[in-house]
Novice: 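Sharing a structure with you now.
A quick note: this is a predicted structure, and the numbers were derived from the prediction, not measured.
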Amino acid sequence: MPARDWAQLRKVLRNGDSFNREVYEWFRDADGNDTRKALRDDLLIGAKDSIPIAQVKMTAFREVIQKTHLKPAIIGEPKSSYDADVKYHPQIVLYFLQDKQSVPRKKTAKDARISFRLMNETSETLTEAELKNWANKIKAEFTHPSLYRWHKGKIIGLYLDKANGFDFQVYTYSDEIAKTVIRKVIEMAGKAYNNDKFRFTTPERNTDPTPPQTRILGELITEPQWRPNVFVTFDHAYVNLWNDNHKRVLVDASGLQINPIFHV
């Protein structure tokens, strides 16, 4: 590419609604965090960057920070379409991710989600102050003194208390682990755990650590592993609001979420 053309394109990437603006938006909270600020500044395309340097920065932002190449295929519908059909109370979601050191090479980390609803709130009544209060609770319970970690498996722990917004279905290695995890979430939410509302099921089927392969269009592909035995660790928490397409992150322990209330 001629130098003049690259200079013009570089200006486009640096100014206006472009790549550098996207990086700034992703690291909007960076001014209060030296590590994130340094990372942001390293990724911004500079006024004298060459084409290879700009390409490296853009690739690093997409694949290392946003991890766009790891996004799984989703079978479902856009949130806006779902919200048009169903109006719901605010939902707080705790997201856990398999420990990185235990993820086999070229495999994707397993995850787990535990959520509950704020039955005394709506999208219209919930305030920024209340969100910060929830973020404080989650930070205290799931990140201190260390990130909360539990053993996921095939046993299903169930807890139903719709009046308080709890309808849990947690996959764990044992019924005691399921009970411990569920109790921790309930008590963090400021409610009383009732053992009469807890039950569990143990499927006869066993987890296969080496799933078989299926040939698809001539290529051998490993089948999904059914309810694997893995440890998952707190990664981040967010709130899901009706008629709001933004992901409102409360606490982030991964360093990859956009504008959380608290970084850990």
Novice: For a side chain to side chain contact (heavy atoms under 4.5 Å, CB included) check, start with the C-alpha distance between V185 and F116, then their side-chain angles and the critical distance, and finish with the verdict.
Specialist: CA-CA 9 Å; V185 176; F116 60 93; 3.8 Å; yes
Novice: Can you give me the closest heavy-atom contact between R113 and D111, atom names plus distance?
Specialist: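 Nearest pair, atom of R113 first, then D111: NH1-OD2, 3.2 Å.
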Novice: Counting only heavy atoms not in E128, do more than 12 sit closer than 6.0 Å to its CD atom?
Specialist: no
Novice: Would you kindly confirm whether L158 and F168 end up in one hydrophobic cluster when ILVMFWY residues are joined by side chain heavy atoms under 4.5 Å apart?
Specialist: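 L158 and F168: separate clusters.
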Novice: Are the side chain of K139 and the backbone of V264 linked by a donor-acceptor contact shorter than 3.5 Å?
Specialist: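 Not confirmed, K139 side chain does not pair with V264 backbone.
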Novice: Indicate the atoms forming the closest heavy-atom contact of N194 with D196, along with that distance.
Specialist: OD1-N, 2.9 Å
Novice: Of all the heavy-atom pairs spanning Y88 and L241, show the shortest one and how long it is.
Specialist: OH-O, 3.7 Å
Novice: Applying the 4.5 Å side-chain criterion to the ILVMFWY set and letting contacts propagate, would V23 and I51 be lumped into a single cluster?
Specialist: yes
Novice: Is it the case that more than 12 heavy atoms not belonging to D31 sit under 6.0 Å from its CG atom?
Specialist: yes
Novice: Kindly indicate whether a cation-pi arrangement holds for K179 with Y193, taking the cut-offs as under 6.0 Å to the six-membered ring centre and within 45° of the axis.
Specialist: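 The answer is no; the distance or angle limit is not met.
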Novice: Judged by atom type as modelled, is there a donor-acceptor pair below 3.5 Å linking the side chain of R10 to the main-chain atoms of A47?
Specialist: yes
Novice: May I ask you to decide if A109's main-chain N or O and Q98's side chain share a donor-acceptor pair within less than 3.5 Å?
Specialist: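 Between the backbone of A109 and the side chain of Q98 there is no qualifying donor-acceptor contact (under 3.5 Å).
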Novice: Is the NZ atom of K79 crowded by more than 12 outside heavy atoms at less than 6.0 Å?
Specialist: yes
Novice: For the side chain of N20 and the backbone of I45, is there at least one donor-acceptor N/O pair under 3.5 Å apart?
Specialist: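 Present.
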Novice: With no hydrogens and no angle check, is any side-chain donor or acceptor of S254 less than 3.5 Å from a backbone partner on D235?
Specialist: no
Novice: Check the surroundings of atom OH in Y173: do more than 12 heavy atoms from other residues, nucleotides or ligands lie under 6.0 Å from it?
Specialist: no
Novice: Are V64 and L43 co-members of a hydrophobic cluster defined by side-chain heavy atoms under 4.5 Å apart?
Specialist: yes
Novice: Hey, does the side chain of W242 reach the backbone of V86 with a donor-acceptor pair shorter than 3.5 angstrom?
Specialist: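 At least one qualifying donor-acceptor pair exists.
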Novice: With the side chain counted from C-beta on, respond yes when E187 and E141 share a heavy-atom pair under 4.5 Å apart, and no when they do not.
Specialist: no
Novice: Is a donor on one side and an acceptor on the other found under 3.5 Å between the side chain of T207 and the backbone of R227?
Specialist: yes
Novice: Checking the side chain of D5 only, and the main-chain atoms of P2 only, is there a donor and an acceptor separated by less than 3.5 Å?
Specialist: no
Novice: Is there a donor in the side chain of E63 and an acceptor in the side chain of T59, or the other way round, less than 3.5 Å apart?
Specialist: no
Novice: Of all the heavy-atom pairs spanning H89 and E121, show the shortest one and how long it is.
Specialist: ND1-O, 2.7 Å
Novice: Using the salt bridge (charged side-chain N to carboxylate O under 4.0 Å, His left out) criterion, which residues pair with D208? Sequence neighbours excluded.
Specialist: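 By the salt bridge (charged side-chain N to carboxylate O under 4.0 Å, His left out) rule, D208 matches no residue at all.
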Novice: On the six-membered ring of Y148, is K184 placed so that its NZ or CZ lies under 6.0 angstrom from the centre and within 45° of the ring axis?
Specialist: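 Output yes; distance and angle both within limits.
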Novice: What are the two closest non-hydrogen atoms of V103 and T108, and how far apart are they?
Specialist: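 Nearest pair, atom of V103 first, then T108: CG1-C, 4.1 Å.
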Novice: Please say whether more than 12 non-hydrogen atoms of neighbouring residues, nucleotides or ligands are located less than 6.0 Å from NZ in K154.
Specialist: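 Yes, enclosed.
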Novice: Measure the CH2-OH distance between W226 and Y171 for me, rounded to the nearest 0.5 Å.
Specialist: 9.0 Å
Novice: Would a hydrophobic clustering, with Ile, Leu, Val, Met, Phe, Trp and Tyr connected at side-chain separations under 4.5 Å, put I114 with F166?
Specialist: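 Same hydrophobic cluster.
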Novice: Quick one: sort the F234 and F96 rings into parallel, tilted or perpendicular, breaks at 30° and 60°.
Specialist: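 Correct class here is perpendicular.
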Novice: Does a donor on one side chain and an acceptor on the other come within less than 3.5 Å for T122 and E124?
Specialist: yes
Novice: When you group the ILVMFWY residues by side-chain heavy-atom contacts below 4.5 Å and let the links chain together, are W134 and L94 in the same group?
Specialist: yes
Novice: Determine yes or no for a side-chain-to-main-chain donor-acceptor pair under 3.5 angstrom, with D83 supplying the side chain and N243 the backbone.
Specialist: yes
Novice: For atom CG of L160, decide whether the heavy atoms of other residues, nucleotides or ligands shown that lie under 6.0 angstrom number more than 12.
Specialist: yes
Novice: What pair of heavy atoms forms the shortest contact from A192 to Y159, and how long is it?
Specialist: O-OH, 3.9 Å
Novice: Is the count of non-hydrogen atoms from other residues, nucleotides or ligands lying under 6.0 Å from R199 atom CZ greater than 12?
Specialist: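 Incorrect, the count does not exceed 12.
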Novice: Measure from the side-chain N and O atoms of D99 to the backbone N and O of S102, and report whether any donor-acceptor pair falls under 3.5 Å.
Specialist: no
